[in-house]
Amino acid sequence: MISFRYARANDVADAVRQIAGDPDAKFVAGGTNLIDLMKMDVERPTKVIDITRLPLKQVENTPGGGLRIGALVRNSDLAYHPQVEARYPVLASAIMAGASQQLRNMASTGGDLLQRTRCCYFYDTATPCNKRERGSGCSAIAGQNRMHAILGASDACIATHPSDMCVALALLEAKVHVSSASGDRVIAFAEFHRLPGETPERDTNLDAGEIITAVELPPKGFATNYTYLKIRDRLSYAFALVSVAVGLELDGDTINDCRFALGGVAHKPWRDPRAEAALRGRRANAATFADAADVLLRDAKGYAHNTFKIDLARRCISRALMQAARGTPQSQSSKKIA
Amino acid sequence: MTEVENPGSGRDAEKLPRAVQTTVRERVGAQSPMTTPEAVSVRLTVNGTRHSLLLDPRTTLLDLLREHLDLTGTKKGCDQGQCGACTMLIDGRRVNSCLTFAVMYDGARITTIEGLAADGALHPLQQAFIDHDAFQCGYCTPGQICSAVGLIAERRATSADDIRELMSGNICRCGAYTNIVAAIQQVMGRS
Ligand SMILES: Cc1cc2nc3c(=O)[nH]c(=O)nc-3n(C[C@H](O)[C@H](O)[C@H](O)COP(=O)(O)OP(=O)(O)OC[C@H]3O[C@@H](n4cnc5c(N)ncnc54)[C@H](O)[C@@H]3O)c2cc1C
Ligand code: SF4
Ligand code: FES
Ligand code: FES
């Protein structure tokens, strides 16, 4: 790890003033991703600004009936928050499916959104990686790519976004509140993370100098018919091969409204309006769900080691939609798949 | 490091009542092996002992305790958040100390495996791990026990499935999992 200057920020204005115009400065919140990457020399900030003292630790009701989550709310506090458990159980479930309790006790809401890919070449500074070093090449395309993307990848990068929480936030259509020295803005969740394209070094549309202050949930929480199904190499404490978050609104067995989002398959949590449209107004049954999976995966493309993910995703989508329709969401404790 | 007032440092002090340890073992000193211009001062209470330190900000809590404060009970496995060997409690919450910068925890109260026994009596979880033979090599054990202390304080686990899931951040290379769950259940049954 290179040497760096350490500074504490007192409030949001102080934090954005300290980071303004310093491209080599980084905020630190939970530290669980940044410190790891600093140890690997992947992140090399010369200044680290500690934002853990900022007053961004509240979970509050919004006047519009939603919930505003401060950027420093820890993953475990959020998953166990009574409002989240009751009104947004798919979010609580997705958080509990990620990492370990020690890590959830540290990880912050803002840091979770900005965690970087777990592509092994991104971590290994001895190998080319366009995300780490623009123009150096992508080692994964012809290398080890078992964990990599099957949707939305580019010739420059086939990495996936590793977050579980973000898959639920995509489903819930959260909004990301950010501040900078030049003012505040709100970014729709679908616009927050980017596809790699020709600029895989940029994971998100957060600009340099901006800080995430909060994540806002709209009122609609799909608290009755939902699930978060995560398939991974171990039953716990492993990143997703494929995960699916579902929210349904049913009238009898007719699907009135439907959303579903996938994790582990792309550079961002993956939603597809056409696949969701294929479900609306139809009967909630296996045939309908298989159709929706086919629509979502119509352009899926595998690489040497991850073509199995296409079939896995198809089955996960069908199973997750069935879990949600039956009102039997995946338990994150007993690992039995209902 | 200099100890300004240490009539009872080392093993002897551990025999003293807790309150006495706190007062007599206050330490002040430059902990950083190299004094860099970036050095940052930090105050921490570790197992009831207050420390005022001047640190290279790169120092993790794990390295601070092991390399500077001579508290080697907490183990380093992966140094990357992947094994749980370094689990300790910060203000009562279990965390992976390898992924912390110590300077971020100014004012915090830290508890490690060395701080669990009270007045010479083992912590109930320490005793339960012995009763249930919940370790072989013992390398993961300090982390397992600190993690279990955190788990019980969180009051979320009600079944063996819950314990297994909420302890999944602690890897045991010897595979003592069955007995670790039994040890934790024994203590949970009592509390
Ligand atoms: C072994 C291991 C296993 C894991 N398993 C999973 C898993 O299964 N699923 C999963 O989803 N995650 C998993 N994680 C990742 C974990 O969820 C993230 O590391 C965590 O969410 C990051 O949050 P943080 O607060 O610690 O971020 P930090 O490390 O503090 O910061 C991450 C990045 O965000 C920036 N940042 C932080 N806060 C802000 C802010 N408010 N505004 C602007 N920038 C900010 C920092 O500058 C940094 O670049 C795992 C991590 C480890 C180490
Ligand atoms: S997939 Fe992306 S992160 Fe991985 S080596 Fe290629 S460019 Fe780097
Ligand atoms: S040493 Fe910290 S988790 Fe492995
Ligand atoms: S007892 Fe050997 S690693 Fe757990």
Side-chain angles (χ1 to χ4, degrees), chain A residues 1-9 27-40 42 45-53 74-77 79-80 85 92 96-107 111 115 118 123 232 234-239 331-336, chain B residues 34 36-42 55-61 78-108 143 146-148 150-151 154-171:
Chain A
M1 190 185 305
I2 65 164
S3 183
F4 60 85
R5 275 172 302 132
Y6 169 83
R8 290 181 189 127
F27 293 130
V28 66
T32 60
N33 193 227
L34 183 69
I35 297 174
D36 187 17
L37 290 168
M38 286 172 70
K39 289 183 180 188
M40 302 303 288
V42 174
T46 54
K47 180 178 180 184
V48 173
I49 304 161
D50 180 353
I51 58 170
T52 54
R53 283 166 173 74
R74 306 284 174 191
N75 278 180
S76 49
D77 291 335
Y80 293 153
E85 286 190 316
M96 293 308 291
S100 67
Q101 187 68 2
Q102 288 98 313
L103 288 159
R104 292 188 293 265
N105 276 343
M106 306 167 79
Q115 64 171 296
R118 310 301 287 203
Y123 265 77
R232 49 198 140 169
R234 295 189 294 251
L235 284 177
S236 184
Y237 202 19
F239 288 94
S331 161
Q332 304 304 349
S333 172
S334 143
K335 300 297 165 143
K336 253 215 187 112
Chain B
M34 39 175 205
T36 61
E38 291 84 9
V40 177
S41 65
V42 59
L55 291 178
D56 181 321
R58 288 176 289 187
T59 316
T60 62
L61 273 176
C78 65
D79 213 20
Q80 288 195 280
Q82 298 179 4
C83 74
C86 66
T87 303
M88 55 179 70
L89 298 144
I90 302 184
D91 294 328
R93 287 165 72 114
R94 50 179 166 153
V95 300
N96 299 110
S97 61
C98 66
L99 292 184
T100 60
F101 289 134
V103 292
M104 292 173 66
Y105 294 91
D106 190 38
C146 284
S147 189
L151 169 101
E154 287 156 14
R155 297 177 165 279
R156 282 279 165 169
T158 55
S159 64
D161 276 342
D162 291 344
I163 295 173
R164 274 190 285 273
E165 170 57 28
L166 292 169
M167 289 295 291
S168 73
N170 294 83
I171 308 287

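Throughout, protein chains are lettered first and strands after them, A, B, ... in sequence-line order, and every chain is numbered starting at 1.
- Annotation: ring pair (Phe, Tyr, Trp, His ring centres under 6.0 Å) contacts of A:Phe4 (sequence neighbours excluded): B:Phe101.
- In this structure, B:Tyr105 and A:Met106 approach most closely via the heavy-atom pair OH-CE, 4.4 Å.
- To the nearest 0.5 angstrom, B:Cys86 atom SG is 8.0 Å from A:Gln102 atom CD.
- Comparing B:Val103, B:Leu151, B:Thr87 by heavy-atom pairs within less than 4.5 Å of chain A, the highest count is held by B:Val103.
- For chain A, the nearby part of B:Glu154 is the side chain; its heavy atoms alone come within less than 4.5 Å.
- For A:Arg53, the salt bridge (charged side-chain N to carboxylate O under 4.0 Å, His left out) partners at least two apart in sequence or on another chain are A:Asp50.
- For a residue to count as touching a neighbouring chain, one of its non-hydrogen atoms must lie under 4.5 Å from one of that chain's; by this rule A:Ala29 touches chain B with the backbone only.
- Listed by chain and residue number, A:Asp77 satisfy the salt bridge (charged side-chain N to carboxylate O under 4.0 Å, His left out) test with B:Arg93 (two or more places apart in sequence, or in another chain).
- Contacts between A:Arg8 and chain B at a heavy-atom distance below 4.5 Å involve the side chain alone, from C-beta outward.
- Considering all non-hydrogen atoms of both residues, B:Glu38 and A:Ser3 come closest at OE1-OG, 3.6 Å.
- Contact annotation for A:Leu34: neither backbone nor side-chain heavy atoms come within less than 4.5 Å of a heavy atom of chain B.
- The one candidate from B:Asn96, B:Thr100, B:Leu99 that meets the side-chain contact (heavy atoms from CB on, under 4.5 Å) condition with A:Thr32 is B:Leu99.
- Interatomic distance, A:Leu37 CG to B:Gln80 CD, rounded to the nearest 0.5 Å: 9.0 Å.
- Rounded to the nearest 0.5 angstrom, A:Met1 CE and B:Thr59 OG1 are separated by 9.0 Å.
- Interface residues of residues 160-168 of chain B toward chain A, defined by a heavy-atom distance below 4.5 Å and sorted by number: B:Asp161, B:Asp162, B:Glu165, B:Leu166, B:Ser168.
- For A:Ser331, no part sits under 4.5 Å from any heavy atom of chain B, backbone or side chain.
- We find the CE-CZ distance between A:Met96 and B:Arg156 to be 8.0 Å, quoted to the nearest 0.5 Å.
- Contact of B:Ile171 with chain A is made through the side chain alone, with heavy-atom distances under 4.5 Å.
- Once rounded to the nearest 0.5 Å, the distance linking CZ of B:Arg94 with OG of A:Ser100 reads 8.0 Å.
- In this structure, the separation between CE on B:Met104 and CD1 on A:Ile51 is 8.5 Å, given to the nearest 0.5 Å.
- Note: B:Cys98 leads B:Gly150, B:Ser159, B:Cys98 in heavy-atom pairs under 4.5 Å with chain A.
- Panel note: side chain A:Tyr6, backbone B:Val40; no donor-acceptor pair is recorded below 3.5 Å.
- Neither the backbone nor the side chain of B:Cys78 comes within less than 4.5 Å of any heavy atom in chain A.
- The greatest number of non-hydrogen atom pairs below 4.5 Å with chain B, out of A:Leu103, A:Thr52, A:Leu235, A:Val28, is found for A:Leu103.
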